[in-house]
Amino acid sequence: MPWPGPPLLVAVLDEGVLRRTIDGDRAMMREPCERLAEQAALPNVSLFVVPTDVGMYPGLGGPFTVAEMPDGARVAHVDSQAQAQLIDKVADVATLDRRWERIRDGALSRAQSLNLIREAAASWT
């Protein structure tokens, strides 16, 4: 069966990712932020930003990915500084789904997030 088109990507970033310099070099951040804005505007990409004024939220516990496979199965990938873990237990994936919803609830809308990314890119000049 042919793939139905480009995969849908839904991601959440912490605003700190857009604001933190690399080795104090402000110019180095402009291009990645501009590229991120370009990708976030694609129709198959939904990128959301959690603003810093949200404070503590579940996403600060570390990155994870939940993927739905073509057969409908859902799997997760969880990263830490020590190791990565693949998760396929239904209950564990469901826990990450609930955590995802709480993270997403604290994020800006897609349009607000895109505007914030563009503003961050412009601020790095």
- Indicate if Met69 and Val10 have the same hydrophobic cluster label, given that clusters are the connected sets of ILVMFWY residues with side-chain heavy-atom separations under 4.5 angstrom. no
- Query: Same cluster or not: are Leu60 and Leu96 linked, directly or through other Ile, Leu, Val, Met, Phe, Trp or Tyr residues, by side-chain heavy atoms under 4.5 angstrom apart?
  - Reply: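 The answer is yes; both residues are in one hydrophobic cluster.
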Rounded distance [0.5 Å steps], [atom1] in [X] versus [atom2] in [Y]:
X: Gln39; Y: Leu114; atom1: CD; atom2: CG; answer: 11.5 Å
X: Ile117; Y: Glu15; atom1: CD1; atom2: CD; answer: 10.0 Å
X: Asp97; Y: Arg99; atom1: CG; atom2: CZ; answer: 11.0 Å

- Message: Does any part of the side chain of Val12, heavy atoms only, come nearer than 4.5 Å to the side chain of Trp100, both counted from C-beta?
- Response: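 Counting from C-beta outward, Trp100 and Val12 do come under 4.5 Å.
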Which pair of heavy atoms, one from [X] and one from [Y], lies closest together, and at what distance?
X: Val50; Y: Ile103; result: CG2-O, 4.0 Å
X: Ala41; Y: Arg118; result: CB-NH2, 4.2 Å
X: Phe48; Y: Leu108; result: CD2-O, 3.3 Å
X: Val66; Y: Val93; result: CG1-CG1, 4.1 Å
X: Val49; Y: Pro51; result: O-CD, 3.4 Å
X: Arg110; Y: Leu42; result: NH2-O, 2.8 Å

- Item | No-hydrogen, no-angle side-chain donor-acceptor test under 3.5 Å, Tyr57 and Asp14 | yes
- Task: State whether Glu38 and Arg35 are salt-bridged, where the test is any N-O pair (Lys NZ or Arg NE/NH1/NH2 against Asp/Glu carboxylate O) under 4.0 Å.
- Result: yes
- Name of the residue among Cys33, Ser123, Pro32, Ser113 meeting side-chain contact (heavy atoms from CB on, under 4.5 Å) with Leu18: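 Only one of Cys33, Ser123, Pro32, Ser113 forms a side-chain contact (heavy atoms from CB on, under 4.5 Å) with Leu18, namely Cys33.
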- Message: With a 6.0 Å cut-off (strictly less than), is the heavy-atom count around CZ of Arg19, excluding the residue itself, greater than 12?
- Response: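 Check passes, neighbour count above 12.
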